[in-house]
Undergrad: 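Let me begin by handing over the structure; questions about it come next.
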Amino acid sequence: MLTLPEALKREALRESAGHRTFRRGEKYFNDEFVHHFELKNDCLSGTLKRSISIAVRILYDSKERKLRCTCECGRAGSTSICEHAVALG
């Protein structure tokens, strides 16, 4: 069973997000959109800022072995992780 830190490794993120979303999240990170992050237990929280600030939490469900973001995409029940999870990870 993976832990949150293992699920946040580059290859695990790439596999979970898919190529396009992974590249977008990587760009967010490289363009310094990540302004703050904190890892506690099975939750990674952070703030990303582009034109507006967005505070998100990345949760890890160890039973289902998947990451979930509290952004609009994550709340809509997307089956893959979003660019926010990639950027924070």
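Just so it is clear, the model here is predicted, and its values are computed rather than measured.
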Undergrad: Under a 4.5 Å side-chain heavy-atom rule over Ile, Leu, Val, Met, Phe, Trp and Tyr, are Ile54 and Ile81 clustered together?
TA: yes
Undergrad: Crowded around Phe37 CZ? As in, over 12 foreign heavy atoms under 6.0 Å?
TA: no
Undergrad: Is it true that Phe29 and Phe22 fall in one hydrophobic cluster, defined by side-chain heavy atoms closer than 4.5 Å?
TA: yes
Undergrad: So for atom CZ, which belongs to Arg57, do other residues, nucleotides or ligands contribute more than 12 heavy atoms lying within a distance under 6.0 Å?
TA: no
Undergrad: Is the backbone N or O of Ala12 less than 3.5 Å from a side-chain atom of Ser16, with the two atoms forming a donor-acceptor pair by type?
TA: yes
Undergrad: Search all heavy atoms of Thr21 against all heavy atoms of Glu83 and return the closest pair with its distance.
TA: CG2-N, 3.4 Å
Undergrad: Mind checking whether Tyr28 and Leu48 have side chains closer than 4.5 Å, heavy atoms only?
TA: yes
Undergrad: Are Leu59 and Val34 linked, directly or through intermediate hydrophobic residues, by side-chain heavy-atom contacts shorter than 4.5 Å (ILVMFWY only)?
TA: no
Undergrad: Looking only at heavy atoms, which two atoms of Thr70 and Ala55 are closest? And how far apart?
TA: OG1-O, 4.4 Å
Undergrad: What's the spacing between His36 NE2 and Ser45 OG if we round to 0.5 Å?
TA: 5.0 Å
Undergrad: Compare all side-chain heavy atoms of Arg24 with those of His84 and state whether any distance is below 4.5 angstrom.
TA: no
Undergrad: In plain terms, say whether Glu11 and Arg14 are close enough for a salt bridge, that is, a side-chain N and a carboxylate O under 4.0 Å apart.
TA: yes
Undergrad: Between Lys9 and Glu15, does at least one N-O distance fall below 4.0 Å, as a salt bridge requires?
TA: no
Undergrad: Working to the nearest 0.5 Å, report the span between CG of Leu88 and CD of Glu38.
TA: 12.0 Å
